[in-house]
Chemist: 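Please see the structure below; I have some questions.
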Amino acid sequence: MIKTDIRSYFPILDQEINGHPLVYLDSAATTQKPIQVIEAIKHYYENENSNVHRGVHTLGNRATDSYEGAREKVRKFINAKSTEEIIFTRGTTDSLNMVAASFGRANVGEGDEIVITYMEHHSNLIPWQQLAKEKNATLKYIDMNPDGTLSMDKVKEAITDQTKIVSIAFASNVLGTVNPIKEIAAVAHAHGAVIVVDGAQGVPHFKTDVQDLDCDFLAFSGHKMCGPTGIGVLYGKKEHLENMEPLDFGGEMISIVGLYESTWADLPYKFEGGTPNIAGAIGLGAAIDFLEEIGMDNIIEHEHNLSRYAIEKLSAIDGVSIYGPHDPTKRSGLVTFNIDGVHPHDVATILDMEGIAVRAGHHCAQPLMKWLECTATARASFYVYNTEADIDRLVEGLRTAKEYFANVNE
Ligand code: 7TS
């Protein structure tokens with residue numbers, strides 16, 4: 001159970017938008033930040049601000065300890081074997097591009113296959129499209145069941161001995177579908193392929209154990225889990241990271257620099273060229289403390305309850321269609337929908353007039369929109385601070401939108 005007073009930790013929620021108390025239902029885009037995270041960043045800038053890994057002065061040591069302390073929190077949070085496997089990046093997009101540009105370029109050749117699904121966010125699609133074009137490799141899609149889930153039969157059909165990389169969302173940002181990563185990883189490994197997990201919509205919502213999943217890489221963003229923007233993580237198995245070439249050359253990532261040749265720093269630093277986002281990493285560490293205090297099992301239980309409630313209430317409105325599996329335990333905390341005869345942008349605009357923030361559009365998943373045979377949808381996404389009362393407000397807002405457009409269209 002999540003205590004209802006959790007909302008009081010999120011100062012931004014305590015305001016009116018267009019004359020109504022704010023209902024924030026756009027956490028899949030970015031979550032709000034609790035006071036603990038805001039304070040951690042403030043504390044860093046007021047007490048520790050300095051560059052890291054340069055030794056000698058006290059502030060520098062404090063900043064380094066906090067930055068590396070955050071790396072250890074991330075390691076523990078996803079149960080990686082070692083902090084050498086935790087690379088701080090700018091976010092999921094950056095992490096996935098790093099895998100494609102470094103591991104992908106070195107390991108994918110002509111005629112090889114890269115396997116993804118129709119539900120991928122553009123960040124887990126375009127880097128592979130580009131790599132496939134560059135290497136004359138084949139980009140293959142695993143077909144989905146009509147409810148937007150994956151079946152292992154289709155997974156097994158798609159992955160072959162030609163497959164070098166399988167890259168799949170942990171959870172879809174549109175359908176909410178949670179994918180069976182552990183099972184897919186076993187199939188990928190049986191064919192000698194690696195599995196990359198886009199964890200942007202998974203890691204913030206349920207317990208993630210990289211050793212149990214046996215994934216080769218995992219990418220996620222701090223800002224979708226109560227942390228600041230501009231910080232994310234790439235987890236990679238040490239055996240892969242050790243053999244990969246760095247991408248950002250310069251300070252921080254070197255060992256010995258000569259006039260014509262240089263050697264690279266040890267893991268994870270060889271992938272962290274330049275002054276890192278120190279405050280961002282510290283903020284992410286504070287976000288992890290916050291989430292662990294609530295408990296990841298409580299978070300997903302809360303989201304299942306909200307999804308169940310939302311699906312039930314929205315289904316009761318005439319003309320509303322809901323995408324993705326209707327079983328709330330098969331999904332994370334979001335509901336994507338359309339209303340007959342009302343464009344999702346109009347839905348979102350009317351909801352905003354009522355103080356309710358939802359996202360409308362293609363959600364950076366254009367191939368999925370095509371698969372769903374629509375151009376856009378509206379999406380309400382939940383996190384720890386949302387309640388059933390927020391969903392009641394959404395339902396009321398949708399009834400208002402429907403009435404308004406029924407009158408306009410008459
Ligand atoms: N992968 C998935 C599954 C996502 O949902 C997102 C962002 C990304 C990757 C990219 O993350 P970033 O932090 O690098 O931008 N998803 C969304 C969304 O659904 N609405 O706004 C951003």
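Atoms within each ligand, like the ligands themselves, are counted from 1 in listed order. Just so you know, these numbers use all the heavy atoms, side chains as well, and skip hydrogens, waters and symmetry mates.
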Chemist: Tell me, which residues have any heavy atom less than 4.0 Å from some atom of ligand 1?
Modeler: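 Residues near ligand 1: A28, A29, T92, T93, H121, S123, N173, D198, A200, Q201, S221, H223, K224, R359, R379.
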Chemist: Considering only NZ, NE, NH1 and NH2 on the basic side and carboxylate oxygens on the acidic side, decide whether K33 and E39 come within less than 4.0 Å.
Modeler: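 So K33 does not pair with E39 through a salt bridge.
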Chemist: Kindly state whether the ring of W371 and the ring of Y141 have centres lying under 6.0 angstrom apart.
Modeler: no
Chemist: Looking at H362 versus H122, is the centre-to-centre ring distance below 6.0 Å?
Modeler: yes
Chemist: Assess whether side chain to side chain contact (heavy atoms under 4.5 Å, CB included) is satisfied between F77 and V203, documenting all intermediate values.
Modeler: CA-CA 9 Å; F77 190 61; V203 176; 3.8 Å; yes
Chemist: Y385 versus S27: any side-chain heavy-atom pair under 4.5 Å?
Modeler: yes
Chemist: Ring pair (Phe, Tyr, Trp, His ring centres under 6.0 Å) between F170 and F220: does it pass, once the steps are laid out?
Modeler: CA-CA 10 Å; F170 210 163; F220 57 100; over 10 Å; no
